[in-house]
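Here the structure comes first, spelled out in structure tokens, and everything after it is commentary.
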Number of protein chains: 2
Amino acid sequence: MIDVHGLAESRLRTDGQRYTRNRRALVEALDQADGPMSLPQLLQRHRQLAQSSAYRNLAILEGAGVVHRIVTSDGFARFELAQDLTAHHHHRICSTCGSVEDVTLPDALEATLEEALRRVATRSRFRAPSHQLDLIGMCRACG
Amino acid sequence: MIDVHGLAESRLRTDGQRYTRNRRALVEALDQADGPMSLPQLLQRHRQLAQSSAYRNLAILEGAGVVHRIVTSDGFARFELAQDLTAHHHHRICSTCGSVEDVTLPDALEATLEEALRRVATRSRFRAPSHQLDLIGMCRACG
DNA sequence: ATGAGTGCAAAGGCTTTGCATTAGG
DNA sequence: CCTAATGCAAAGCCTTTGCACTCAT
């Protein structure tokens, strides 16, 4: 188990930032979610959060390496905890409704993927610290 | 070699749409590009195109299955030809400047990936006709 | 007291839409 | 001719920013 809040606090402190109640609420929500969340989803979960502050805090958390922002085609940015605060995973994106769920690959495949991508990156002189694999399709609700 | 324009025309016709000069210019530009293009990039390549018409035509081409839209973190949507009009490929995205380049994986890895994703999709009752694998990193210009 | 954090409202920036004009069949 | 397509301008929508207020140290 990872001490998400402890890490979040220390990383913010490194950036000269505080771990306020609002920021803790955001991290808490992202930690409990089973996929990246859009801002409307986050606000719905914590009604007291102001929209602008939420965006601002997410940007600050992103800068501190606590939160990772991804974009989907439905117009809303999605936020999740940085990969080293969670288990490495991939996304299942519904092309109809834009929902995103986490999914993990079998270890063997993940290792193969990792190794092959390292080769591709090296060959092309592209510094690739991370890869992102998304399954595009239709979720059960839409399908 | 794929007859991109012929396929584009017939798919548009199926949708009750015409293959006009502007639409042909867009398809031509995307076919010659070596990666997904943003609207500013497309307009720069074909100066006579109007912004609104370009967006509208790209949406129509997307609806007809000729063009595929992807989003990156720099705010601009990117457009590329649909996967069945091009060779299957992946993307190398620069997290600093947002540029996107095409990259192809070794056949063996691609096959492994394909098979494993099929299993993942099946197990989760997620209809996934396609996957999208992106390398996130820093391009040579920014790195 | 002093600077960071907050929240409301307004502004930004990419994309879409309304509407009059043009062009293709 | 008649409908689709075009282009300009205006509106939309998610996100960011300005500014005054509050809170923690």
Side-chain angles (χ1 to χ4, degrees), chain A residues 5 8-29 36-44 46-64 66-80 97-100, chain B residues 5 8-29 36-44 46-64 66-80 97-100:
Chain A
H5 292 296
E9 179 164 12
S10 72
R11 290 185 190 183
L12 281 175
R13 208 179 291 280
T14 301
D15 270 26
Q17 304 281 354
R18 300 175 191 162
Y19 197 40
T20 63
R21 192 178 309 114
N22 282 350
R23 292 172 188 176
R24 171 177 279 270
L26 288 170
V27 170
E28 184 70 21
M37 297 182 77
S38 67
L39 197 105
Q41 291 171 334
L42 284 167
L43 293 186
Q44 190 168 8
H46 289 280
R47 302 296 174 86
Q48 81 285 3
L49 293 176
Q51 188 186 46
S52 64
S53 297
Y55 273 119
R56 227 175 327 226
N57 283 327
L58 287 167
I60 287 167
L61 287 165
E62 189 185 14
V66 177
V67 161
H68 179 218
R69 172 189 304 223
I70 60 182
V71 288
T72 63
S73 46
D74 70 346
F76 290 95
R78 310 270 166 152
F79 302 89
E80 65 182 1
C97 70
S99 69
V100 186
Chain B
H5 292 296
E9 180 164 12
S10 71
R11 289 185 190 181
L12 282 175
R13 212 180 289 281
T14 301
D15 270 26
Q17 305 279 355
R18 301 173 191 161
Y19 196 42
T20 64
R21 192 176 312 114
N22 282 350
R23 292 173 188 175
R24 171 177 280 269
L26 288 171
V27 170
E28 184 69 21
M37 296 181 77
S38 66
L39 197 103
Q41 291 172 333
L42 285 168
L43 293 187
Q44 190 168 10
H46 289 280
R47 302 295 175 86
Q48 81 284 4
L49 293 176
Q51 187 185 49
S52 64
S53 298
Y55 272 119
R56 222 170 338 220
N57 284 327
L58 287 166
I60 287 169
L61 287 165
E62 188 185 15
V66 176
V67 160
H68 180 218
R69 171 190 305 225
I70 61 182
V71 289
T72 62
S73 45
D74 69 346
F76 290 95
R78 308 272 167 150
F79 303 89
E80 64 181 1
C97 71
S99 69
V100 187

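Labels below follow one simple rule: chain letters A, B, ... track the order of the sequence lines, proteins then strands, and each chain is numbered from 1.
- Contacts of A/Ser52 with the nucleic acid, taken as non-hydrogen atoms under 4.0 Å apart, include base atoms.
- Remark: A/Ser52 pairs with A/Arg56 by the side-chain contact (heavy atoms from CB on, under 4.5 Å) rule, at least two apart or across chains.
- In the model, B/Asp74 has a side-chain atom that pairs as donor or acceptor with a side-chain atom of B/Thr72 under 3.5 Å.
- For B/Glu28, the side-chain contact (heavy atoms from CB on, under 4.5 Å) test picks out B/His5, B/Gln32, with sequence neighbours left out.
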Nucleotides 11-14 of chain D: which of its N/O atoms have a protein N/O under 3.5 Å away?
{"residue": "D/dC14", "atom": "O3'", "partner": "A/Gly75", "partner atom": "O", "Å": "3.1"}

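- Scanning for side-chain hydrogen bond (donor to acceptor under 3.5 Å, both in side chains) contacts around B/Glu80 gives B/His68, B/His89, B/His91, with sequence neighbours left out.
- Taking atom CG on B/Asn22 and atom P on C/dT22, their separation rounds to 16 Å, with Å as the unit.
- Listed here is the closest heavy atom pair of A/Met37 and A/Leu42: SD-CD2, 3.8 Å.
- The residue among A/Gln51 and A/Gly16 whose nearest nucleotide of DNA chain C lies closer to the 5′ end is A/Gly16.
- Between the CG atom of A/Asp15 and the P atom of C/dG5 there is a distance of 11 Å, rounded to whole Å.
- One finds a side-chain N or O of B/Ser53 lying less than 4.0 angstrom from the OP1 or OP2 phosphate oxygen of D/dG7.
- Between the CZ atom of A/Arg13 and the C1' atom of C/dA4 there is a distance of 14 Å, rounded to whole Å.
- Taking the side-chain hydrogen bond (donor to acceptor under 3.5 Å, both in side chains) definition, one finds that A/Arg11 meets it with A/Asp84, sequence neighbours left out.
- The side chain of B/Gln17 contributes no N or O atom lying less than 4.0 Å from OP1 or OP2 of D/dA4.
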remark   = Once base and sugar-phosphate atoms are separated, protein heavy atoms under 4.0 Å mark nucleotides 19-25 of chain D, 5' to 3', with B, S and - as B------

